[in-house]
There are 2 protein chains.
Amino acid sequence: MSALTNAIEILHCFSSARPDLSFADVMALTGKPKSSTSRLLRALRDCGLLEQDPHTRRYRPGLLTFELGRLHRAHDDLISMAERELREVCARTGHTGYIAVLDGCEQVVLRIVPGSNPLRVVNPPGQRTPALATSNGRAMLARLSDADIRARVPATYPKLPRNSPQNFKQLMTRLDEIRRTGISEAADESIEGVGSQGFALKSGETGEMIGIAVSYSVQATTAAERANVRRELAAMAAKLRRLTGDQLDQVVTRVQAGTR
Amino acid sequence: MSALTNAIEILHCFSSARPDLSFADVMALTGKPKSSTSRLLRALRDCGLLEQDPHTRRYRPGLLTFELGRLHRAHDDLISMAERELREVCARTGHTGYIAVLDGCEQVVLRIVPGSNPLRVVNPPGQRTPALATSNGRAMLARLSDADIRARVPATYPKLPRNSPQNFKQLMTRLDEIRRTGISEAADESIEGVGSQGFALKSGETGEMIGIAVSYSVQATTAAERANVRRELAAMAAKLRRLTGDQLDQVVTRVQAGTR
DNA sequence: CCAGGCGGTTCCAAAATTCGGAACCATGTC
DNA sequence: GACATGGTTCCGAATTTTGGAACCGCCTGG
């Protein structure tokens, strides 16, 4: 196991749920001996990937991650084009929009477009969620080959909220429906009372794929309003597919860094 | 040289000026042989620290840096408190506010508060600039010990814009003035026609230090207006120092990860 | 005021990884 | 068809990393 692997293992311990960690936390989470943890944390701190709170001695992501994270935003084109369209839809419907990418079997929120409705922002950028339990997560999965999907979903199917697919077969049924209709829908899954509809967009040029979704309160919307969202999304999908040269039938073969 | 060191060396090649790099760029910038570069780039890509554009084959910071960069924001307290105050000052004066940290002899912008005046945002968050040529950069340096300053400034004093201190002695004169008045001023330095005033804030609790500055067009402001900015800053500084327990006379001994 | 825990650091020999030169290869282009 | 670009793979030598153990400074509770 290389030094880099170890470093990454530590970095992966941080999440929105655990934005900072103590020495003991890191030891427990990685299962590494004290000396190795000590050396590695020091190395990561010295190089700016981590910072240490001088008072509590806890570790958190460092200045370097902040700088590089800003640069990652530059990788635009597809995302900013989608964001522009999403902004208009959100302005018209009042709902909240999300753009996310797939990483393994999880999705990471890249952009959020706050809506005007009282439903407040629940998934800030950087948030990582199981792709199986979100509308645009499943929309992205639906565009992969069955073999790829099988490889991404953990061998022991995870325990998901009640309305999410409960096993691999149910999942494939829902993905097939998405493949037919082009739109993915979720309700009362990751968050109780919250529903969303989304679709996946894949650049014909670079092959990168993003998920675009609109999220709303299930209680506060009528069936007619949800049908309207679906129409809006379908129109946005058609326009973006045309702009980006997305061939719907073409399956994604390789997605960057998404093995985990 | 450890694998981690090499990885960091590559990551440091990226900047706002060079947000993506080709294989050859990385080889040239690091001076490493082809095989090592190949292996390392692959490792970085596989672990999510870098991404590769499938079309151009160029490398850029990856999803993991985006996620961790968002978490870095969580490290708030001092910064968010300062941001709140700065927001009010910017609303009153119409100028643009910056919060930055010191890293070695450079500063990195953490937050920006856009003003209402036509002077547009010039330094987005994540931007790295020589601390010697900015008002809050010098304000932060002024709070270090002379020995620490000498250690941070490169042995061969860098070539700076005309109005910046041109050698170590001039620098120390300006820092002494900042130490006396508590406020740092710059005009026509990093950017022609742009002036700024700033100060450094150091948490009495954690010891971390940030720079807070207000930036304006030199042409479009009168001396009276600049004096007003100075009063506003002095008042904000006094308030924040009280809130954070900042003892002005106490010199910063160690600042995180700021050796480079 | 001593014991014990936390958060480390340092040491060392064994084990694992990295290093870099060289050969090779797939694409795209002149 | 030759050449450049952007890699990958191989291999022995050289360098790092590893983890157990001992040690240390600080703080807290008894």
Side-chain angles (χ1 to χ4, degrees), chain A residues 1-14 18-47 49-62 75 204-208 253-257 259, chain B residues 1-14 18-47 49-62 75 204-208 253-257 259:
Chain A
M1 182 174 263
S2 77
L4 188 61
T5 316
N6 284 316
I8 294 301
E9 195 184 352
I10 289 188
L11 292 181
H12 270 127
C13 293
F14 294 90
R18 280 196 232 98
D20 61 349
L21 297 172
S22 70
F23 185 93
D25 291 339
V26 176
M27 258 184 69
L29 287 165
T30 61
K32 288 262 176 288
K34 218 154 65 136
S35 55
S36 307
T37 306
S38 170
R39 263 185 319 238
L40 211 35
L41 281 176
R42 176 146 42 98
L44 288 171
R45 163 154 52 83
D46 289 349
C47 76
L49 241 26
L50 291 185
E51 287 174 1
Q52 189 175 20
D53 187 303
H55 188 59
T56 66
R57 322 227 68 197
R58 293 172 74 82
Y59 297 86
R60 53 176 139 83
H75 131 55
E205 195 175 355
T206 68
E208 52 182 344
T253 47
R254 193 180 65 103
V255 171
Q256 295 279 327
T259 321
Chain B
M1 183 173 262
S2 76
L4 188 59
T5 317
N6 284 316
I8 294 303
E9 195 183 353
I10 289 188
L11 292 181
H12 270 129
C13 293
F14 294 89
R18 281 195 233 97
D20 62 349
L21 298 171
S22 69
F23 184 95
D25 290 339
V26 176
M27 258 184 70
L29 287 165
T30 61
K32 288 263 176 289
K34 219 156 62 135
S35 55
S36 307
T37 307
S38 171
R39 259 187 320 237
L40 212 35
L41 281 176
R42 177 148 40 100
L44 289 170
R45 164 155 50 84
D46 288 349
C47 76
L49 242 24
L50 291 184
E51 286 174 0
Q52 189 175 19
D53 187 303
H55 188 59
T56 67
R57 322 228 69 197
R58 295 174 72 81
Y59 297 86
R60 54 176 137 82
H75 132 55
E205 195 175 353
T206 69
E208 53 181 344
T253 47
R254 192 180 66 102
V255 171
Q256 293 279 326
T259 324

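In what follows, every chain begins at residue 1, and chains take the letters A, B, ... in the order their sequences are listed.
Here B:S38 pairs with nothing under the side chain to side chain donor-acceptor pair (under 3.5 Å) rule; sequence neighbours left out.
The phosphate of C:dG21 (OP1 or OP2) has no side-chain N or O of B:S35 nearer than 4.0 angstrom. Within the 4.0 Å cut-off from OP1 or OP2 of D:dG7, not a single side-chain nitrogen or oxygen of B:R42 is found. Of the side-chain N and O atoms in A:Q52, one or more sit less than 4.0 angstrom from OP1 or OP2 of C:dG8. The side chain of A:S38 contributes an N or O atom lying less than 4.0 Å from OP1 or OP2 of C:dT9.
Salt-bridge check for B:D20 with B:R58: passed, with a basic side-chain N closer than 4.0 Å to an acidic carboxylate O.
If you check every strand for non-hydrogen atoms under 4.0 Å, B:S2 touches sugar and phosphate atoms only.
Ranked by how close their nearest DNA chain C nucleotide is to the 5' end, B:P33 and A:A24 are led by A:A24. Where B:Y59 and B:A3 meet DNA chain D, the nucleotide closest to each residue was compared, and B:Y59 sits on the side nearer the 5' end.
Atom P of nucleotide D:dT5 and atom CE of B:M27 are separated by 10 Å, given to the nearest angstrom. Atom CG of B:N6 is separated from atom P of C:dG20 by 8 Å (rounded to the nearest Å). One atom, CZ of B:R58, and another, P of D:dG6, lie 9 Å apart when rounded to the nearest Å. D:dG19 atom P lies 10 Å from atom CG of A:L40, rounded to whole Å.
Judged by distance alone with a 3.5 Å cut-off, no donor-acceptor contact links the side chain of B:K34 to the base of C:dG20. Between the side chain of A:R39 and the base of D:dG19, at least one donor-acceptor pair of N or O atoms lies under 3.5 Å.
Heavy atoms only, all atoms of each residue included: B:Q52 and B:R57 are closest at NE2-O, 3.1 Å.
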